[in-house]
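Comments concern the structure below.
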Amino acid sequence: MKYWLMKSEPKEYSIDDLMRDRIQFWGDIRNYQVRNMLRDEFGKGDLALFYHSSAGKETGVVGLMEVVGEAYPDPAQFASKNKYYDPKSQKDNPRWLGVEVRFKQKFQRLVSLSELRTEEKLSSMRLLQKGNRLSILAVTPTEFAYICKLGGRAG
DNA sequence: GCCAACGTTGGC
DNA sequence: GCCAACGTTGGC
């Protein structure tokens, strides 16, 4: 089982939206590094931290979700009127993937980015490194458990 | 709104 | 293959 951190701007899609929907297709990702992670490493039962990005003081980890199954082609890439339409992607060789996630829990409190930066134990986290811009990042089991503890929930 | 730090595109 | 120009992400 693997552990991830997945970013979403809450004004686009928040933990409360996922709590309501229970299951959601996590798509619209147009970055090859992230695509390769989805394709090669994501698996059923993986756990992910839900991260609110570009949210001012509310930026940080807000809860947990579970990967429902293997990644599959993102339908938005074939929809010509979609913002995420990719005319260069072919149906028999899709370029972009997404994955379904299931709501697991919302943390009792926000674990903010500024708080994460103060934690010595998390100082090597990919999320906190300069220049990180990937919307999905691998998280170590130790980091995952520690952030769950900060959020007030057992991992 | 600004801007650093990327990633992508396309001319050569 | 190089690299300048451009676009995007995301913290501040």
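Throughout, protein chains are lettered first and strands after them, A, B, ... in sequence-line order, and every chain is numbered starting at 1.
Listed by residue number, the members of residues 6-17 of chain A with any heavy atom below 4.0 angstrom from DNA chain C are A/Lys7. Residues from residues 50-60 of chain A with heavy atoms under 4.0 angstrom of DNA chain C, sorted by number: A/Tyr51, A/Ser53, A/Ser54, A/Thr59.
Residue A/Arg133 has no polar side-chain atom (N or O) positioned under 4.0 Å from OP1 or OP2 of B/dC3. Between A/Lys130 and C/dT9, a side-chain N or O to OP1/OP2 separation shorter than 4.0 Å is absent.
The pair A/Asp86-A/Arg95 counts as a salt bridge, with a side-chain nitrogen and a carboxylate oxygen less than 4.0 angstrom apart.
Counting only distance, with no hydrogens or angles, the side chain of A/Asn31 and the backbone of A/Val34 share a donor-acceptor pair below 3.5 Å.
The listed nucleotides are C/dG10, C/dC12, B/dT9; the one nearest the side chain of A/Ser135 is C/dG10. The side chain of A/Leu113 approaches C/dC12 more closely than any other nucleotide in the set B/dA5, B/dT9, C/dC12.
With A/Phe42 as the aromatic partner, A/Lys2 does not meet the cation-pi criteria of under 6.0 angstrom to the ring centre and within 45 degrees of the ring axis.
No side-chain donor from either of A/Glu143 and A/Tyr3 sits under 3.5 Å from a side-chain acceptor of the other. For the residue pair A/Glu9 / A/Ser53, no side-chain donor-acceptor distance below 3.5 Å is found, with atom types taken as modelled. Checking A/Glu119 against A/Tyr146 by side-chain atom types alone, a donor-acceptor pair falls below 3.5 Å.
The interatomic distance linking A/Asp28 (CG) with C/dG10 (C1') rounds to 17 Å, in whole Å. Following rounding to the nearest Å, A/Leu128 (CG) and B/dA4 (C1') show an atom-to-atom distance of 17 Å. Here the C1' atom of nucleotide C/dG10 and the CG atom of A/Leu5 are 13 Å apart, to the nearest Å. Straight-line distance from the CD1 atom of A/Ile136 to the C1' atom of C/dT9: 14 Å, rounded to whole Å.
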Show me the side-chain donor-acceptor pairs of residues 54-71 of chain A shorter than 3.5 Å, one per line, residues at least two apart or across chains.
unit_1, atom_1, unit_2, atom_2, d
A/Thr59, OG1, A/Ala55, N, 2.9
A/Thr59, OG1, A/Gly56, N, 3.3
A/Thr59, OG1, A/Gly56, O, 2.9

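A/Arg39 CZ to A/Trp96 CH2: the interatomic distance, rounded to the nearest 0.5 Å, is 11.0 Å.
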